[in-house]
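Remember, predicted model here, so these are calculated numbers, not experimental data. A, B, ... follow the sequence lines: proteins, then strands. Residue 1 opens every chain.
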Amino acid sequence: MEYNFREIEKKWQKRWVADETYKVTERADREKFYVLNMFPYPSGAGLHVGHPLGYIASDIYARYKRLNGFNVLNPMGYDAYGLPAEQYAIQTGQHPAITTEANINRYREQLDKIGFSFDWSREVRTCEPGYYHWTQWAFQKMFGSFYSKGSAHPIEELVAYFEKNGTEGLEDVAQSEELTFTADKWKAMSDVEKQQVLMNYRIAYLGETMVNWCPELGTVLANDEVIDGVSARGGFPVVQKRMKQWCLRVSAYAQRLLDGLDTIQWTESLKETQRNWIGRSEGAEIEFKVKDSDKSFTIFTTRADTMFGVTFMVLAPESELVKELTTADQKAAVDEYLAYVKKRTERDRISDRKVTGVFSGSYAINPFTGEANPIWISEYVLAGYGTGAIMAVPAHDSRDYAFAKHFGLPIVPLVEGCDVSEESFDAKEGIVCNSPRADVKPYIDFSLNGLTIKEAIEATKKYVREHNLGRVKVNYRLRDAIFSRQRYWGEPFPVYYKDGMPQMIPEECLPLELPEVDKFLPTETGEPPLGNAKIWAWDTMTNKVVDCSAIDNITVFPLELNTMPGFAGSSAYYLRYMDPHNNGALVSEQADNYWQNVDLYVGGSEHATGHLIYSRFWNKFLFDLGVSCKEEPFQKLVNQGMIQGRSNFVYRIKDTNTFVSLGLKDKYDVTPLHVDVNIVSGDVLDTDAFRAWRPEYETAEFILEDGKYVCGWAVEKMSKSMFNVVNPDMIVEKFGADTLRLYEMFLGPVEQAKPWDTNGIDGSHRFLKKFWNLFWGKDAFAVTDEEPTPAELKSLHKLIKKVTEDIENFSYNTSIPAFMIATNELTSMKCTKRAILEPMVVLIAPFAPHIAEELWEALGHKTSVCDAQWPAFNEKYLVEDTVKMMVAFNGKTRFGIEFPAGADNATIEAVARAHEQTPKYVEGKQIVKVIIVPGRMINMVLK
RNA sequence: GCCCAGAUGGUGGAAUGGUAGACACGAGGGACUUAAAAUCCCUUGGCCAGAUCGGCUGUACGGGUUCGAGUCCCGUUCUGGGCACCA
């Protein structure tokens, strides 16, 4: 009987739907296991062979866990809000909801063909009101919370504190700016003033941030959309502008985000990426007084040990201190410099790192030396980090060094024996000297000379603390997340504005649904697309959305026009899968307590500093609220590597329509052009197909080598524009879903990036045919009930051991060969015994579920193979008939002596000693211990 | 510049410190066939030897530890990734 994969796969995919094979519910009698894939954004291009890689890997694990008796949650859904759908809408007027729906349907169709064990009854879509209800709800909770002493608290607690104490004694509170006021002053504030104060503490807050603003386009641009100070699209001028935006106080959670990394099983590199992103640095804030003035300012440094090497100070151009400290004679120069800096974008600063700066005219007194150091202004100091002001130690910081050299400022080395004539000495090792300098009368009674740098840092911090010169401070690079987007296709904020202050619409009125607009572009007055919505005002009397014309600022108010960014909807979706149809809560306590958190999360590493940070932050907040019972959402994370495309190139001679073969292209001036990989076979171009491919190539001429046109190739991202996309539907149609699944796993380690090469797929397909033929004779089912032989049992148990270990370690690429070897062995032994073949079906079920179901049914089972039991491994079948003993001779390993299987250590040792050759081969060494490794060899421990 | 990961045949890739290159692709040869497809068998790191057995060499490079190193340690080169005027 032939292996008819098309029929088999269709049959079982239908059966799974009819029987609800993959539907799960909370079951107290079974241990849970939660497998999750990063849900996809359904793009218009559909899936290519790279997309399902992670889904297949996690599906194998999910099925394996189920066969081991776990109650497995393996859901799937769609990250449905996003820019491509909106841009398509702007170009065509097609509503994003319609294109998104169409794309989702296409994705679903493609996914269904691959045979995943998803519980589709739990599907979520971030753009549906029933889902974003809880995105909005979480936002409101963040608005209603502040962060203090390591967790989120209701803002009412802070209000109560202010009523009683003002800011007096308020400690360890995350805030945008340090405020001080008394309880009386608080009580005297108007409602709006109080709201403004509270905004300083809320976890979701309206804050002023610097953005690239393009007035002509009426929108904020990302840094990569700005080139040379003008917009990439249209070439309109772009300015740095402070804008009011919704922000999330992610920075408050920096330490917890860092600490949490130690409790989860992610790859070291991913954790490292997040650590870099959070960027914790421990240092000190030290106060400098301004000479001849009562002003002072604070700098942040991680090198407190270098206080005696400060020769100048630098302020960030955007720092508010610049205005205060610029003297009258320097004003013109400073203004000119500020104008220059304002023109430069982030991008310019990065690409063009020249040393620039201007003297402010003021001096700061170094509290350790008493010296007056000139205060400069330079763009190399960033306003957003630390205090926006630094003390410059040119001898031990390369940036300060470059600045000092450029402007001829003094350089004082502080480490014994270091040479700073050519470059600064940045290393944090060595013995401190010149602190203070021997030739200068000490200003204070304090010396660091003779200490190591580490000791000096600690000693200085201690001194600073004791003498009230500043404080020990931890800084993080992690910034608060900007949460507003001037876009249509995103979650609307459940917010209306009264007296210019944001108000939350009542919780029971959620979700606030996205309104219809007639245009998806920004309005003419530069407002976000929601400004085009006619019915977009909030009536506080009826608690309903009403027509904008009704706005009277008494009972009807304008609603927020921005929408939320992409990461909003993807931050808590894993919780929603636990209880997707709950209208009363994001997730019920009972469902959350059962499913807890994700045991295995699979997705791309490109989300390392986006989704994976935001989601952890979001979940920690929900944990503080008591909504989520686990602080970390994703216990174990596996990054699947990208599957790249293998692109082909043809070489066109410049200004002609003549194409030259790869080997001859160096003789001409050529332009390489991508060519569709589907008309290239083994890097040889089908020239007729090429002429037919596109009209402009109809008249193409070719310069061949050996009668062939050979194409160049490169491994690149798989994408439409590179003409290297391989579609999974085509593979499924030609070879079947089981072959595709097997082959994707066989390509290489899941975590590794690798190019797709369809050629190798034959091997996987052939294997499945051989596997099928184990069970089927020419036309009848061939399985018998005979007793298996030891050799057959050995083949089986070798396989059980290998496959079990591989799945646990996520190295599927090595278990496929194990299947092939076992199948070949059993084929050559003509094994058709049920006791061997039945467990084989269970073993292969996670990898190739369709063929496994078909064979399972043929074996006489009425239930799905999904409910079978994973076969138990028994080591006794693996013991070799004889074991070889290894001896060392002249530094080379030989294999010589054979022992009977099952001999114990004492016997082995006795035989080894009795074997005259052994001791003399091991020069001057004695056998201390002999270790038997079953199925392998004997290790001797020698003395 | 700092941090992380990696480097094995023509290719994808295997190897708890224990016979390097499993398995697959590709390539070459053969069987079956009128032929093709399909299927099956043999060879396939390099060099040498050649009736055969075999020998030498080999996991980016240079050292080290070990009876024994692709694997562990030190240094170098290169590749990929992250962060980056972050003080």
Which of B:rA87, B:rA84, B:rC4 is nearest the side chain of A:Thr302? It is B:rA87

C1' atom, B:rA69 versus B:rG58: distance in rounded Å?
-> 14 Å

Mind checking side chain to side chain contact (heavy atoms under 4.5 Å, CB included) for A:Glu423 and listing every partner two or more places apart, or none if nothing turns up?
-> none

Looking at A:Lys769, does any N or O in its side chain come under 4.0 Å of the phosphate oxygens OP1/OP2 on B:rU39?
-> yes

Would you call the rings of A:Phe819 and A:Phe767 parallel, tilted or perpendicular if under 30° counts as parallel and over 60° as perpendicular?
-> tilted

Classify the nucleic acid contact of A:Leu747 as base, sugar-phosphate or nothing, counting any heavy atom under 4.0 Å across all strands shown.
-> sugar-phosphate

To the nearest angstrom, the CG-P distance between A:Asp762 and B:rC40 comes to 12 Å

Any idea which of B:rG12, B:rA22, B:rA87 is nearest the A:Ile390 side chain?
-> B:rA87

Would you mind telling me which of B:rC40, B:rA22, B:rC25 lies closest to the side-chain atoms of A:Lys770?
-> B:rC40

Hey, is the side chain of A:Arg477 poking within less than 4.0 Å of OP1 or OP2 on B:rA84, counting only N and O atoms?
-> yes

Atom NZ of A:Lys473 and atom P of B:rA87: how far apart are they, to the nearest Å?
-> 13 Å

Within 45° of the six-membered ring axis of A:Trp266 and under 6.0 Å from that ring's centre, is NZ or CZ of A:Arg616 located there?
-> yes

Provide, to the nearest angstrom, the distance between the CD1 atom belonging to A:Ile278 and the C1' atom belonging to B:rG82.
-> 13 Å

Nearest-nucleotide check on RNA chain B, A:Gly763 vs A:Glu272; residue mapping nearer the 5' end is A:Glu272

With no hydrogens and no angle check, is any side-chain donor or acceptor of A:Asn813 less than 3.5 Å from a backbone partner on A:Met745?
-> no

For atom CG of A:Leu742 and atom P of B:rC23, their distance in whole Å | 16 Å

Just checking A:Arg766: base, sugar-phosphate only, or nothing, at a heavy-atom cut-off of under 4.0 Å?
-> sugar-phosphate

Glycosidic conformation of B:rG9, taking syn as within 90° of 0 and anti otherwise = syn

Taking A:Arg280 for the side chain and A:Tyr476 for the main chain, is one N or O donor matched with an acceptor at less than 3.5 Å?
-> no

Between B:rG70 and B:rA20 - C1' atom distance, rounded Å = 7 Å

Nucleotide nearest A:Ile821 when distance is taken to its side chain, options B:rA84, B:rG82, B:rA22 = B:rA22

Gap between atoms CG and C1', on A:Leu768 and B:rA24 respectively (whole Å) | 14 Å

Across the strands shown, which category fits A:Asp400 at heavy-atom distances under 4.0 angstrom: base, sugar-phosphate, nothing?
-> nothing

Test item: A:Lys271 side-chain N/O and A:Ile264 main-chain N/O as donor-acceptor pair under 3.5 Å | yes

In whole Å, what separates the P atom of B:rG30 from that of B:rA35?
-> 14 Å

Distance check: side-chain N/O of A:Tyr743 vs OP1/OP2 of B:rA24, anything under 4.0 Å?
-> no

Per atom distances to the A:Asn759 side chain, the nearest of B:rA87, B:rC83, B:rC25 is B:rC25

Would you say A:Lys754's side chain and A:Gln752's backbone share a donor-acceptor pair under 3.5 angstrom?
-> yes

In whole angstroms, the gap separating C1' of B:rA87 from NZ of A:Lys461 amounts to 14 Å

When the ring planes of A:Tyr3 and A:Trp772 are compared, do they come out parallel, tilted or perpendicular, using 30° and 60° as the limits?
-> tilted

Does a side-chain N or O from A:Asn813 land closer than 4.0 Å to OP1 or OP2 of B:rA14, or not?
-> yes

Rounded to whole angstrom, note down the C1' distance from B:rA14 over to B:rU34.
-> 44 Å

Separation of A:His765 atom NE2 from B:rA38 atom P, in whole Å?
-> 11 Å

Between B:rG64 and B:rU44, how far is it from one P atom to the other, in whole Å?
-> 35 Å

Closest to the A:Met820 side chain: B:rG13, B:rC23, B:rC85?
-> B:rC23

Say you pick atom C1' in B:rG18 and the same atom in B:rU33; how far apart are they, in whole Å?
-> 49 Å

What integer number of Å spans the C1' atoms of B:rU79 and B:rC41?
-> 41 Å

Mind checking the P distance from B:rC40 to B:rA24? Whole angstroms is fine.
-> 11 Å

Just compare B:rG82, B:rC85, B:rU39 and give me whichever is closest to any side-chain atom of A:Leu382.
-> B:rC85

So what does A:Pro749 touch, heavy atoms closer than 4.0 Å: a base, only the sugar-phosphate, or nothing?
-> sugar-phosphate

For A:Asn276 and for A:Ala389, find the nucleotide of RNA chain B with the closest heavy atom, then tell me which residue's nucleotide is more 5'.
-> A:Asn276

Plane angle bin for A:His611 and A:His607 - parallel if under 30°, tilted between 30 and 60°, otherwise perpendicular = perpendicular

Would you please classify the geometry between the A:His396 ring and the A:Phe425 ring as parallel, tilted or perpendicular, with 30° and 60° separating the classes?
-> perpendicular

With heavy atoms under 4.0 Å as the rule, sort A:Lys428 into base, sugar-phosphate or nothing.
-> nothing

Winner on side-chain proximity to A:Thr609, out of B:rC83, B:rG13, B:rA24, is B:rC83

What orientation do A:Phe288 and A:Phe297 show, parallel under 30°, tilted 30 to 60°, or perpendicular over 60°?
-> parallel

With the side chain of A:Thr814 defined as its heavy atoms from C-beta on, choose the nearest nucleotide among B:rA15, B:rA87, B:rC85.
-> B:rA15

Between B:rC25, B:rG82, B:rA38, spot the one nearest the side chain of A:Thr273, thanks.
-> B:rG82

Across the strands shown, which category fits A:Arg280 at heavy-atom distances under 4.0 angstrom: base, sugar-phosphate, nothing?
-> nothing

Rounded distance in Å - CG (A:Leu478) to P (B:rA84) = 11 Å

Mind checking A:Gln752 for me? I need base, sugar-phosphate or nothing, with any heavy atom below 4.0 Å counting as a touch.
-> sugar-phosphate

Secondary structure of RNA chain B in dot-bracket form (Watson-Crick or G-U wobble, distances below 3.5 Å, | marking inter-strand pairs) | (((((((..(((.....[....)))((((((.......))))))((((.....))))..(((((..]....))))))))))))....

